[in-house]
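Worksheet for the structure shown next.
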There are 2 protein chains.
Amino acid sequence: MFRGQYVHSISDNGRVSIPAKFRELLNTKYSSTTIIISMFENCLLAYPIVEWEKLEAKMIDLPSFKKETVDFERYLIGNASECQLDSEGRINISPVFRKNLNFKKSVVFVGILTRFEIWDQKSWQKNKELGFKKFQKSRDHIDEI
Amino acid sequence: MFRGQYVHSISDNGRVSIPAKFRELLNTKYSSTTIIISMFENCLLAYPIVEWEKLEAKMIDLPSFKKETVDFERYLIGNASECQLDSEGRINISPVFRKNLNFKKSVVFVGILTRFEIWDQKSWQKNKELGFKKFQKSRDHIDEI
DNA sequence: CCTAATATGCCAAAATATGACAAAATCTGC
DNA sequence: GCAGATTTTGTCATATTTTGGCATATTAGG
């Protein structure tokens, strides 16, 4: 499982190394160092390819020209990109993503079970108090645990 | 699968190069660099010829005189045109398309699984927030995933 | 404090995007 | 149908970006 936080620096051309702990999980549990990163709200979301493909398989069966399908797929897939970790465990984050999420010098990797997020460090810092408030609020709605 | 966004510039006479990632997919998965482009909402829609033919096969089975069929097919097929990528991986976008979609300096390629869209960059930028709103809304209607 | 693992800076090589221009094709008016 | 104008196409050159590999700095673990 992906867990915890790691701060890494990102080079001018968008290259960043994935935390060793995450790399190890990809190797052992998923037997593949290919991941899909996708842009959501204020961060990138990274999935091992296997997990992501399950999702895509379902999407491909949706009626292709229905408005809801187009809106959904355009956003989700249009903001996704496949990354192969290189021999040093690094990936490249495209200029579009970096611009949209305002990635500057450092990024924060946040492990969340079967996926992990990548934040610009400043945005992550800003979201910290808000994150705690949201966590507090969420507790009333999590009935299953 | 086509995924992600790429910004390219388009020459005065409508020539533009297809993102390398897309070209590679055409070469490997589809073994053909022929694509069909047609008009869509505010963008062009591009299919590898194989995928387009699947679409046509389905269209042929639609009830031919139903108003919706005629409207759908007239627009989609009537606006379709075949493009062969040249040795540098470029295609030409006809003056009609460029005029209709107001293609200026830069265009954005948006990968969506078996097809990709081509937007004028300004229009894409304008549609960004709207796109996210639509995505949020669509999530309620996508029950299958 | 030492060692091993990890992260990252650096540079050269490869790939990619795109501008330029001439040749070929197409269109236009006569 | 023909001559000239315009557009499209093919090829090359080049700027830019991406990639691969190595070297060094940094961190974590014992």
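Hydrogens, waters and symmetry mates play no part in the numbers below; they use all other heavy atoms, side chains included. Proteins get letters first, then strands, A, B, ... in listed order; numbering begins at 1 in each.
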Margin query: What is the distance, to the nearest angstrom, from the NZ atom on Lys21(B) to the C1' atom on dT17(D)?
Written below: 13 Å

Checklist line | Pair Tyr6(B) + Phe22(B): ring centers closer than 6.0 Å | finding: yes

Margin query: Among dT16(C), dT8(C), dT18(C), which nucleotide has an atom closest to any side-chain atom of Ser9(A)?
Written below: dT8(C)

Check: For Ser11(A) and dT8(C), is the shortest distance between a side-chain N/O and OP1 or OP2 below 4.0 Å?
Finding: no

Check: Given atom CD1 of Ile91(B) and atom C1' of dG10(D), what is their separation to the nearest angstrom?
Finding: 17 Å

Item checked: Heavy-atom side-chain contact between Phe2(A) and Leu26(A) under 4.5 Å -> yes

Check: Over how many whole Å does the gap from Arg23(A) atom CZ to dT8(C) atom C1' extend?
Finding: 12 Å

Note to self: Is there a continuous path of hydrophobic side-chain contacts, each under 4.5 Å between heavy atoms, that joins Trp119(B) to Leu101(B)?
What the structure shows: no

Notebook entry, point to check: Phe65(A) ring centre to Arg115(B) NZ or CZ under 6.0 Å, with the angle to the axis within 45°?
Noted result: yes

Notebook entry, point to check: Side-chain heavy atoms under 4.5 angstrom apart, residues restricted to Ile, Leu, Val, Met, Phe, Trp, Tyr: same cluster for Met1(B) and Val110(B)?
Noted result: no

Next item on the list: Would you kindly give the CG-to-P distance between Asp12(B) and dT6(D), to the nearest whole Å?
Entry: 16 Å

Margin query: Can you measure Glu88(A) atom CD to dC22(D) atom C1' for me and round it to whole angstrom units?
Written below: 8 Å

Margin query: Looking only at the side chain of Ser87(B) (C-beta and beyond, no hydrogens), which of the listed nucleotides dT11(D), dT19(D), dT8(C) gets closest?
Written below: dT11(D)

Margin query: If you only use heavy atoms from C-beta on, which nucleotide in dT6(C), dG19(C), dC10(C) is closest to the side chain of Arg90(A)?
Written below: dC10(C)

Note to self: Is it the case that dG9(C) (base atoms only) and Arg15(A) (side chain only) share a donor and an acceptor within less than 3.5 Å, ignoring hydrogens and angles?
What the structure shows: no

Notebook entry, point to check: Taking for each residue the nucleotide of DNA chain C bearing the nearest heavy atom, is the 5' side occupied by Ser17(A) or by Asn13(A)?
Noted result: Ser17(A)

Notebook entry, point to check: With a non-hydrogen cut-off below 4.0 angstrom, is Ile18(A) in contact with a base, only sugar-phosphate, or nothing?
Noted result: sugar-phosphate

Check: Taking NE2 from His8(A) and C1' from dA5(C), how many angstroms apart are they, rounded to a whole number?
Finding: 12 Å

Checklist line | Integer-rounded Å distance: dT18(D) P and Arg98(A) CZ | finding: 7 Å

Check: Whole Å only: how far is the OH atom of Tyr6(A) from the P atom of dT26(D)?
Finding: 21 Å

Notebook entry, point to check: Base, sugar-phosphate, or nothing for Asn92(A), non-hydrogen atoms under 4.0 angstrom?
Noted result: sugar-phosphate

